[in-house]
Amino acid sequence: QVQLVESGGGSVQAGGSLRLSCAASGDTDSLQCMGWFRSTPGEDRKFVAATTIGREKTYYHDSVQGRFTISRDNDKNLVYLQMDSLKPEDSGMYYCAADRRTCSLVAGNSRRFSTWGQGTQVTVSS
């Protein structure tokens with residue numbers, strides 16, 4: 001069993017920055033891919049970014065490429081999402097997700113991730 005807990009959400013003006021954190025606990029040695037998804041009312045969770053746990057390879061949605069950076073601290077079982085140049089359309093509930101399969105198999109598709117956190121709210125005002 002793996003548990004994920006997100007933190008770092010909040011309210012910020014457009015152009016500002018936030019850093020989200022995801023703390024993983026439990027059977028973390030089995031994880032190969034961790035990612036972030038965003039949800040807004042009435043919409044499915046949308047892919048934001050993902051990172052492999054082993055080799056350093058990252059994946060980004062086109063809308064955040066160049067503005068967001070996903071990184072990890074394997075020793076502390078933490079994954080971060082640094083969000084810069086935030087836009088109002090970045091607002092939503094951000095969820096951390098993890099899976100035992102490689103990112104090449106699961107990144108980009110929320111239905112392929114097996115474990116989810118409770119989410120942290122991000123609000124960007126114009």
Side-chain angles (χ1 to χ4, degrees):
Q1 291 281 350
V2 174
Q3 295 80 41
L4 304 175
V5 178
E6 304 95 333
S7 61
S11 297
V12 65
Q13 289 191 329
S17 298
L18 284 173
R19 188 176 82 157
L20 307 183
S21 299
C22 175
S25 61
D27 186 20
T28 58
D29 288 346
S30 64
L31 298 178
Q32 294 197 58
C33 184
M34 293 186 70
W36 290 93
F37 287 77
R38 179 176 66 241
S39 165
T40 54
E43 294 187 350
D44 290 337
R45 295 177 183 178
K46 295 182 178 179
F47 173 71
V48 175
T51 181
T52 59
I53 302 301
R55 296 178 300 159
E56 190 163 347
K57 185 169 176 62
T58 57
Y59 303 76
Y60 295 96
H61 189 274
D62 288 347
S63 64
V64 307
Q65 183 78 46
R67 299 189 298 121
F68 290 10
T69 304
I70 188 169
S71 61
R72 68 191 190 280
D73 183 332
N74 289 340
D75 290 338
K76 297 181 180 178
N77 291 323
L78 288 168
V79 172
Y80 303 103
L81 184 67
Q82 177 68 40
M83 304 186 295
D84 298 317
S85 302
L86 281 161
K87 303 176 181 180
E89 53 264 41
D90 294 322
S91 298
M93 185 71 78
Y94 281 72
Y95 294 90
C96 179
D99 200 85
R100 293 175 175 81
R101 295 169 290 180
T102 64
C103 282
S104 60
L105 293 176
V106 302
N109 189 329
S110 63
R111 292 177 174 83
R112 294 178 181 172
F113 281 84
S114 59
T115 304
W116 294 85
Q118 293 301 306
T120 185
Q121 179 69 36
V122 171
T123 302
V124 183
S125 58
S126 59

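Throughout, numbering of the chain's residues begins at 1 and tracks the sequence. No experiment lies behind these values; they were computed from the predicted model shown. Computed over heavy atoms, backbone and side chain alike; hydrogens, waters and symmetry mates excluded.
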Connected via hydrophobic side-chain network under 4.5 Å: [X] and [Y]:
{"X": "Tyr80", "Y": "Val64", "answer": "no"}
{"X": "Ile53", "Y": "Val48", "answer": "yes"}
{"X": "Tyr59", "Y": "Leu105", "answer": "yes"}
{"X": "Val122", "Y": "Trp36", "answer": "yes"}
{"X": "Val12", "Y": "Phe68", "answer": "yes"}

With rounding to the nearest 0.5 angstrom, report the [atom1] to [atom2] distance, [X] to [Y].
{"X": "Gln65", "Y": "Thr58", "atom1": "CD", "atom2": "OG1", "result": "7.5 Å"}
{"X": "Ser126", "Y": "Lys87", "atom1": "OG", "atom2": "NZ", "result": "13.5 Å"}
{"X": "Thr123", "Y": "Met93", "atom1": "OG1", "atom2": "CE", "result": "9.0 Å"}
{"X": "Ser39", "Y": "Asp44", "atom1": "OG", "atom2": "CG", "result": "8.0 Å"}

Minimal non-hydrogen separation, [X] against [Y], with atom names:
{"X": "Leu86", "Y": "Leu18", "answer": "CD1-N, 3.8 Å"}
{"X": "Val124", "Y": "Ser91", "answer": "N-OG, 2.8 Å"}
{"X": "Ala24", "Y": "Leu4", "answer": "CB-CD2, 3.7 Å"}
{"X": "Pro88", "Y": "Ser125", "answer": "CG-C, 4.5 Å"}
{"X": "Ser17", "Y": "Ser85", "answer": "OG-N, 4.4 Å"}
{"X": "Thr102", "Y": "Cys33", "answer": "C-CB, 4.1 Å"}

Neighbour count above 12 (heavy atom, 6.0 Å) for [X] [atom1]:
{"X": "Gln1", "atom1": "CD", "value": "no"}
{"X": "Gln121", "atom1": "CD", "value": "yes"}
{"X": "Gln3", "atom1": "CD", "value": "yes"}

Practice problem: Identify the residue among Tyr95, Tyr94, Trp116 that makes a side chain to side chain contact (heavy atoms under 4.5 Å, CB included) with Glu6. | Solution: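 Of Tyr95, Tyr94, Trp116, side chain to side chain contact (heavy atoms under 4.5 Å, CB included) with Glu6 is met by Tyr95 alone.
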Quiz prompt | Centroid-centroid distance, Phe37 to Phe113, less than 6.0 Å | solution =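 Ring-ring flag for Phe37/Phe113: true, centres closer than 6.0 Å.
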Exercise. Kindly determine whether Glu56 and Arg72 satisfy side-chain contact (heavy atoms from CB on, under 4.5 Å), including the steps that lead there.
Key: CA-CA 9 Å; Glu56 190 163 347; Arg72 68 191 190 280; 3.7 Å; yes
May I ask you to decide if [Y]'s main-chain N or O and [X]'s side chain share a donor-acceptor pair within less than 3.5 Å?
{"X": "Asp99", "Y": "Ser114", "result": "yes"}
{"X": "Arg101", "Y": "Val106", "result": "no"}
{"X": "Arg67", "Y": "Ser63", "result": "yes"}
{"X": "Tyr60", "Y": "Ile70", "result": "yes"}
{"X": "Gln82", "Y": "Thr69", "result": "no"}

Quiz item: Run the side-chain contact (heavy atoms from CB on, under 4.5 Å) check on Val2 and Arg100 step by step: do they pass?
Solution: CA-CA 10 Å; Val2 174; Arg100 293 175 175 81; 4.1 Å; yes
Quiz prompt | Test item: Met34 and Cys96 side chains (from C-beta on) under 4.5 Å apart, heavy atoms | solution =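 Met34 reaches Cys96 side chain to side chain.
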Quiz item: Would you call Arg38 and Glu43 a side-chain contact if the rule is heavy atoms closer than 4.5 Å?
Solution: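 No, their side chains stay 4.5 Å or more apart.
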